[in-house]
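The figures here come from the full heavy-atom set of this structure, side chains too, leaving out hydrogens, waters and symmetry mates.
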Amino acid sequence: KAGVTQTPRYLIKTRGQQVTLSCSPISGHRSVSWYQQTPGQGLQFLFEYFSETQRNKGNFPGRFSGRQFSNSRSEMNVSTLELGDSALYLCASSLAEQNNEKLFFGSGTQLSVL
Amino acid sequence: GDSVTQMEGPVTLSEEAFLTINCTYTATGYPSLFWYVQYPGEGLQLLLKATKADDKGSNKGFEATYRKETTSFHLEKGSVQVSDSAVYFCALREAGTALIFGKGTTLSVSS
């Protein structure tokens, strides 16, 4: 069974641009979560989707948005990029949304904003 | 809101030493507790979990016990190996909310 796939693996953008990151969950998984990982702040929760509906949202500005498609694939978008958006963006999937569910993580997209 | 506090690293140990990584949490209800591990260049993977008070999670020689009275979930291993070098994250999740992580503790084991 294929794992969680995130594309692209690396991205370099300049300030003010926008970016779209993609995540394909494990087949059959209906829940997808996104996290931002930085050395200073660790892992910070962005959003969580289940069956195309946003279930939870973290404390990030409106420049960060996401969506989930009917095949459970998910995208996140960051508009008007800032230097501080440079981070590893991790996607995770799970079968359901219960609080004891194991999350399966992808290897992430490393975003560098210059 | 809910939060997780981990001991700051890095933790540096010699092979076969005893490991403890402290983790305490704040939650309004009855969360499930987790330890995730991130090996160099890889994504996070679940190491162990516990879903109610006094449960003990264990995997690969690692253990952690859900202590409601002290709101703690400390990770222990009796004899670490070089291959255990990684970043360890404590996390919690309450019903209807997202998985919340601590900032991570880097473990470095030398032979």
Does atom CZ (Arg15(A)) have a neighbourhood of more than 12 heavy atoms from anything else shown, all under 6.0 Å?
no
For atom CD of Glu8(B), is the number of surrounding heavy atoms from other residues, nucleotides or ligands below 6.0 Å larger than 12?
no
What distance separates Phe45(A) CZ from Leu99(B) CG, expressed to the nearest 0.5 Å?
9.0 Å
Could you measure the distance from the CZ atom of Phe89(B) to the CD atom of Gln37(A)? Nearest 0.5 Å is fine.
4.5 Å
Taking CD in Glu52(A) as the centre, count heavy atoms belonging to other residues, nucleotides or ligands within less than 6.0 Å. Is the count above 12?
yes
Would you say Leu107(B) and Phe73(B) are hydrophobically clustered, going by side-chain heavy atoms of ILVMFWY under 4.5 Å?
yes
Go through the atoms of Phe47(A) and report whether side chain, backbone, both or neither lie under 4.5 Å from a heavy atom of chain B.
neither
Give a yes or no on whether Val11(B) and Leu75(B) share a hydrophobic cluster (residues Ile, Leu, Val, Met, Phe, Trp, Tyr; joining criterion: side-chain heavy atoms under 4.5 Å apart).
yes
Around Lys68(B), counting heavy atoms of other residues, nucleotides and ligands shown, do more than 12 lie under 6.0 Å from its NZ?
no
Examine Val19(A) and Val32(A) and state if one hydrophobic cluster contains both, with Ile, Leu, Val, Met, Phe, Trp and Tyr joined whenever side-chain heavy atoms are less than 4.5 Å apart.
yes
Please name the pair of heavy atoms, one in Lys102(A) and one in Leu46(B), separated by the smallest distance, quoted to 0.1 Å.
CG-CD2, 3.6 Å
Does Asn71(A) have more than 12 heavy atoms from other residues, nucleotides or ligands lying within 6.0 Å of its CG?
yes
Interface residues of residues 103-114 of chain A facing chain B - heavy atom cut-off under 4.5 Å
Leu103(A), Phe105(A), Gly106(A), Ser107(A)
Portion of Leu43(A) that has a non-hydrogen atom of chain B nearer than 4.5 angstrom
both
